[in-house]
Protein chains: 2
Amino acid sequence: MLTDRQLLILQSIIEDYIQSAEPVGSRSISKKNSITFSPATIRNDMADLEELGFLEKTHSSSGRIPSQKAYRLYVDRLLLPYRFSEPEMNNIQSLFAGKILEAEEAVKETAGILSELTSYASIVLGPEMFESRLRQIQIVPIGKEAAVAVIVTDTGYVENHTVALPPTLEAGELEQITNILNERLRGIPLYQLQRALFSEVRDVLKRYVFNYEAALSFTEEALRKSRHEKIFYGGKTNLLNQPEFKDVDRVRALLELMEEEHLIHELLKPTINGMTIRIGQENTNEAFEHCSIISATYSLAGKPVGTIGIVGPTRMEYQKVISLVNHLSYGLSNVLDDLYRRDS
Amino acid sequence: MLTDRQLLILQSIIEDYIQSAEPVGSRSISKKNSITFSPATIRNDMADLEELGFLEKTHSSSGRIPSQKAYRLYVDRLLLPYRFSEPEMNNIQSLFAGKILEAEEAVKETAGILSELTSYASIVLGPEMFESRLRQIQIVPIGKEAAVAVIVTDTGYVENHTVALPPTLEAGELEQITNILNERLRGIPLYQLQRALFSEVRDVLKRYVFNYEAALSFTEEALRKSRHEKIFYGGKTNLLNQPEFKDVDRVRALLELMEEEHLIHELLKPTINGMTIRIGQENTNEAFEHCSIISATYSLAGKPVGTIGIVGPTRMEYQKVISLVNHLSYGLSNVLDDLYRRDS
DNA sequence: GTTAGCACTCGTTTTATCCGAGTGCTAAAT
DNA sequence: ATTTAGCACTCGGATAAAACGAGTGCTAAC
């Protein structure tokens, strides 16, 4: 459908525009080393490409800019793998070289590297620890009215809630409950805890605890899944450097959207494994109209537990960003697997 | 030094400018109800006020804008207490009405309310829990190489580190260490834990644990003060609505500065009790040149443990903001004291 | 099929002009 | 001795016209 020359010209225009953020004219294309045709020839092809919806003009006598469709084609068919430069490589290496003890630390680091190397904004979700298994639970009374429930998983993840203490609970009972929970629930994945509470613990509790109803609901509260969606951003302010965001209103819309944690989570939450590339209006949300989002899930023990991603203008360095996101998602998965494996 | 009329005029100009963000002319001042003088009279006083450094012109025939010195005078001498409107009052009340179980929750809420009611950005530090006392420590091994140390304080605050496990440590010893620590360190304030480790625990450890050196340094690591400075922001994007920040570069400088957590912490960390008002260049940092920062410490059991503050343009609604910050810092202190008191 | 030549388009930049809010000064009024 | 009215003057901002130039589309020659 497109001739080789048209593809070559399209690619040149896209890459030029990614660099310059300015409409690209036929003359500047013809000057490139890889191009041997005259401006007039290029103009002809450009006109065709525009007719096919790959190029656009900002006004009738301007150079062309790539359309969303062009970026899509570029990403799907024209992209060559990117070779990281020396310092970039070092940067990435060092991220995964140091001894990392906590998952969250690794995840935060990744967000930092992502934004630093791309000069766009990075978003990192998770890791969701639903799959981790309970290693230990501790319920510590704080005064008469409240207690702190601390859950430690086999991945070293710690979660805690403060829970109101039912007044009927007797002194020793809290300890007893803790013991029962530890005995019965150890090794159970977090997301099954509530269910297991009923199937495994309920009856035992009935036997040993006086006000069993109150104790049960108290325990249920203590085990409740924290709906805390962990989102880390890196280099939000990088976006302000992009010429497409010199308009304050557009920036505001974008930054405000990024505060909406549940939306961002919904958008990026790890479902199927792999990489997602959303260009411009492929993001349904209006504030992302002029953005592209490139994201990839990372996984723990083969299961996707989180997402890393980059938000930048549609005029994005796709080549570099895609490689980087890809690379880091693998790296991060490996780090997490190492953390996880120490359990066995 | 200043006549009453000059003060009145100055105040009118400041308040007008706070509203309009536009240079104020003599005519518009003379139209106000509280003012009975003609524009010419006002012009004379304005000239004097300019000579004294309280007013500035943007160009030779423009109206006047208040100088930094004027805001300072305004804040120090002209400010009347602000009466909260009905909905504002409700908002504040509701913040402190609900049953709050965790300090951090209260603090985050406060940041939200602050920015919502002011339409500026809020910064909240802390609470620093150095003064809280150890209630319980738990060391949970995660695989062969690492363990999670979980510290719960009497204020319900939970802190955890992952620590590398010395290979020489024997199976039961970890439990023994945990027991010793709980026995000897309970009730000791967090900031004294490391010291108490040496004075109270060291010798006991020596007696019971084989590789005492390794165990000690392991324990020390487990108890290390987390240097995690907790900073919560609210309504950063509000700043983008202010006309003085329509310039993207200025916004970027500001937002980038706010990412520098240690700087912000240094700037706002709670030292002496009470309220601080920094106007314009009184903030030494260049990015805050056009900002004012109003902050107040909040306290727990009489000791300052954190700071709440507002960042806005120098043209800020001082009256409202000062009252609000003041009010909320008291309220927050009370909430925390309630949380704390439940211990006794 | 490709390219050179050329008229044409249209956003950007520059220059000129006008407008009016606001000032400072002087002289009259209180 | 203040306060005020009157008036010439200043200067940024808005508006219009003109010059500029990067880039196009089309036609005719290669």
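Letters go in sequence order (proteins before strands), and every chain restarts at 1.
- Sorted by first and then second residue, the pairs that involve residues 31-80 of chain A and meet ring pair (Phe, Tyr, Trp, His ring centres under 6.0 Å), not counting sequence neighbours, are A:Tyr71-A:Tyr318.
- Comment: B:Glu88 does not engage B:Arg83 in a salt bridge, judged by the lack of any side-chain N to carboxylate O separation of less than 4.0 angstrom.
- Of all the residues in residues 12-22 of chain B, not one reaches under 4.0 Å from DNA chain D with any non-hydrogen atom.
- Side-chain contact of B:Glu15 with B:Gln19: a donor-acceptor pair under 3.5 Å is absent, judged by distance alone.
- Applying the side-chain contact (heavy atoms from CB on, under 4.5 Å) criterion to B:Ala296, with sequence neighbours excluded, gives B:Met275, B:Val325, B:Ser329.
- Taking atom CZ of B:Arg5 as the reference point, atom P of D:dA1 lies 16 Å away to the nearest angstrom.
- Atoms CD (B:Gln6) and P (D:dT2) sit 12 Å apart, rounded to a whole Å.
- In terms of heavy-atom proximity, B:Tyr17 sits nearest to B:Glu22 at CD1-O, 3.1 Å.
- The side chain of A:Ser61 approaches D:dA22 more closely than any other nucleotide in the set C:dG24, D:dG25, D:dA22.
- For the contact set between residues 35-47 of chain A and DNA chain C, defined by any heavy atom under 4.0 Å, the members are A:Phe37, A:Ser38, A:Ala40, A:Thr41, A:Arg43, A:Asn44.
- Pairing each heavy atom of A:Leu255 with each of A:Lys236, the nearest pair is CD2-CD, 4.0 Å.
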Kindly indicate, with the supporting measurements, whether the criterion salt bridge (Lys or Arg N to Asp or Glu O under 4.0 Å) is fulfilled by B:Arg250 and B:Glu289. CA-CA 10 Å; B:Arg250 206 178 273 180; B:Glu289 197 176 341; over 6 Å; no

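- Between B:Arg64 and the phosphate of C:dT23, there is a side-chain N or O to OP1/OP2 separation shorter than 4.0 Å.
- Between A:Leu55 atom CG and D:dT24 atom C1' there is a gap of 13 Å when expressed in whole angstrom units.
- In this model, the phosphate group of D:dT4 is not approached by any side-chain N or O of B:Arg27 to a distance below 4.0 Å at OP1 or OP2.
- Aromatic ring centres of B:Phe84 and B:His327: separated by under 6.0 Å.
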Polar pairs (N or O, both sides) under 3.5 Å between protein and nucleotides 12-17 of chain D?
none

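- Closest approach of A:Pro39 and A:Ser26 over heavy atoms only: O-CB, 3.6 Å.
- Applying the side-chain contact (heavy atoms from CB on, under 4.5 Å) test to B:Gln6 and every residue at least two apart in sequence or in another chain returns B:Leu2, B:Thr3, B:Asp45, B:Asp48, B:Leu49.
- Here the C1' atom of nucleotide C:dT3 and the NZ atom of A:Lys31 are 17 Å apart, to the nearest Å.
- For B:Lys57, no side-chain nitrogen or oxygen approaches OP1 or OP2 of C:dA21 to under 4.0 Å.
- At a threshold of 4.0 Å, the pair B:Arg64-B:Glu50 counts as salt-bridged, since one of the basic side-chain nitrogens sits closer than that to a carboxylate oxygen.
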